[in-house]
Amino acid sequence: MSLTIATWNINSVRLRIQLVLDFLRDYTPDILCLQEIKCPEEHFPYQAFHDAGYPHVTINGQKGYHGVATISKLPIELVERREFCAKGDTRHLSVNFEAGGLTVLLHNFYVPAGGDEPDPEINDKFRHKLDFVEEMRGVPAATGEKTASILVGDLNIAPLENDVWSHKQLLKVVSHTPVETEAFEAMRKAGGWVDLMRQAIPEPEKIYTWWSYRAADWAASDRGRRLDHVWSSPNIAGKLTAIEVLRDARGWDRPSDHVPVIARFDL
DNA sequence: ATGGTAGGACGCCTA
């Protein structure tokens, strides 16, 4: 059977609900993982997703900041809303679902951005980001004969040279500093996770999923970064059939600064 | 080297 999973940092689900509904109508993923929904449960637009054919919705949200939601056509079962760094932030949600005879554990993450100064001694937000990545070692890829894992989300780190518009110019910019990228790759490998975007689209091809709002012309300058990721356990990595990064979404009306990433599997 | 934009909630934090 085919399985399509999408991930998208939406930067306020309430402000951009119509954009999300248009995306679901046009791309019909089985499951969409949103980040930065920026609302608590009581303000989440459940009805709109239900009416769009996505009745199974699980969220971990808070007022004003952060927040993740997993929206599905298929039945999903909440596994955990894990708290990282004892901060009380809503940055993780995991669910289980059945597909192709497998029980799939799907993690939806929003990793802290880390502030502007890449020095944990003077910037608490950067310290928090590094601590968060270390704590993600506690989320390895669960795998077995009848189980598999997928991890998606805005991980706020662009690990490879071709994940940014200029490797040299971003070496001291939070999201691409060596301390972040090395910790990130070490954590991913220790967890047994496969980077599916790079499996499908190897270097040196550039991949960007985010372009700053601050650029005068994002498309002309094209100073993007790959901050959004799709990982899986090795036992389904070979079942990936396509990765699609919807660059055009950055040019939609009142866009998010991130674009959707779609992963297709044949399980 | 700097400042540029966006969202939530309405002064200022986060990204």
Side-chain angles (χ1 to χ4, degrees), chain A residues 7-21 23 33-45 48 59-69 83-92 108-120 122-133 152-159 163-166 168-177 179-181 184 208-229 246-261:
Chain A
T7 182
W8 193 8
N9 177 320
I10 195 59
N11 188 17
S12 174
V13 68
R14 287 177 295 172
L15 189 74
R16 278 183 252 286
I17 183 64
Q18 194 55 53
L19 217 52
V20 182
L21 295 175
F23 167 74
C33 292
L34 294 174
Q35 302 85 35
E36 276 209 278
I37 60 172
K38 291 189 170 176
C39 68
E41 200 147 4
E42 61 266 28
H43 293 143
F44 190 85
I59 94 160
N60 183 15
Q62 68 186 83
K63 183 178 176 182
Y65 305 104
H66 322 315
V68 293
E83 183 183 354
F84 284 78
C85 305
K87 299 269 285 185
D89 288 347
T90 54
R91 296 183 178 274
H92 168 264
N108 180 356
F109 269 99
Y110 176 50
V111 172
D116 288 332
E117 191 57 54
D119 180 349
I122 61 171
N123 176 6
D124 288 342
K125 286 187 273 195
F126 194 70
R127 164 70 64 194
H128 176 214
K129 184 180 198 175
L130 296 179
D131 290 347
F132 194 103
V133 169
V152 305
D154 175 5
L155 306 184
N156 264 319
I157 291 173
D163 292 340
V164 293
W165 63 275
S166 168
K168 281 187 179 173
Q169 287 180 256
L170 287 174
L171 277 170
K172 292 179 177 173
V173 174
V174 172
S175 72
H176 193 63
T177 64
V179 65
E180 290 169 89
T181 59
F184 183 86
Y208 309 143
T209 65
W210 173 91
W211 292 259
S212 172
Y213 280 128
R214 297 176 189 176
D217 184 336
W218 73 272
S221 57
D222 200 21
R223 295 183 168 190
R225 306 178 201 170
R226 180 170 74 116
L227 302 181
D228 300 273
H229 296 267
L246 292 193
R247 178 188 170 96
D248 287 356
R250 187 61 180 78
W252 292 348
D253 188 43
R254 294 203 78 186
S256 169
D257 46 354
H258 295 251
V259 299
V261 179

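Labels below follow one simple rule: chain letters A, B, ... track the order of the sequence lines, proteins then strands, and each chain is numbered from 1.
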Quantified in whole Å, what is the [atom1] atom distance between nucleotide [N] and nucleotide [M]?
N      : M      : atom1 : answer
B:dG7  : B:dG3  : P     : 22 Å
B:dA1  : B:dC12 : C1'   : 25 Å
B:dC10 : B:dT14 : P     : 15 Å

Have a look at A:R223 and say if it touches a base, only the backbone sugar-phosphate, or nothing, with a 4.0 Å heavy-atom cut-off.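 No contact.
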Partner of A:I157 by side-chain contact (heavy atoms from CB on, under 4.5 Å), out of A:T177, A:D163, A:V174, A:T181: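 When A:T177, A:D163, A:V174, A:T181 are each tested with A:I157, the side-chain contact (heavy atoms from CB on, under 4.5 Å) holds only for A:T181.
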With A:Q35 as reference, evaluate A:L155, A:N11, A:T7, A:I10 under the side-chain contact (heavy atoms from CB on, under 4.5 Å) test and give the passing residue.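 Filter result, single survivor: A:T7.
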Atom [atom1] of [X] to atom [atom2] of [N]: distance rounded to whole Å?
X      : N     : atom1 : atom2 : result
A:K172 : B:dA1 : NZ    : C1'   : 14 Å
A:E117 : B:dA1 : CD    : P     : 13 Å
A:Q169 : B:dA1 : CD    : P     : 12 Å
A:Q62  : B:dG7 : CD    : P     : 19 Å
A:D116 : B:dT5 : CG    : P     : 16 Å

Sole candidate of [options] that passes side-chain hydrogen bond (donor to acceptor under 3.5 Å, both in side chains) when paired with [X]:
X      : options                      : value
A:S175 : A:E180, A:R225, A:R226       : A:R225
A:T90  : A:H66, A:E83, A:E41, A:Q62   : A:Q62
A:W210 : A:N9, A:D228, A:D257, A:D154 : A:D257

Any salt bridge linking A:D222 with A:R247? Criterion: basic side-chain nitrogen under 4.0 Å from a carboxylate oxygen.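 Looking at A:R247 together with A:D222, the answer is yes, because their closest N to O distance falls below 4.0 Å.
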Quick one: is B:dA6 close enough that its OP1 or OP2 comes under 4.0 Å of any side-chain N or O from A:R16?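 Answer is no, no contact under 4.0 Å.
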Phosphate oxygens OP1/OP2 of B:dG7: is one of them under 4.0 Å from a side-chain N or O of A:R14?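 Answer is no, no contact under 4.0 Å.
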List for me each residue that meets salt bridge (charged side-chain N to carboxylate O under 4.0 Å, His left out) alongside A:R91, sequence neighbours excluded, and say none if there are none.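 Partners of A:R91 under the salt bridge (charged side-chain N to carboxylate O under 4.0 Å, His left out) test: A:D89.
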Check nucleotides 12-15 of chain B against the protein and report each pair of N or O atoms closer than 3.5 Å, with its distance, or say if there are none.
| from | atom 1 | to | atom 2 | distance (Å) |
| --- | --- | --- | --- | --- |
| B:dA15 | OP1 | A:R91 | NH2 | 3.0 |
| B:dA15 | N6 | A:R214 | NH2 | 2.6 |
| B:dA15 | N1 | A:R214 | NH2 | 3.0 |

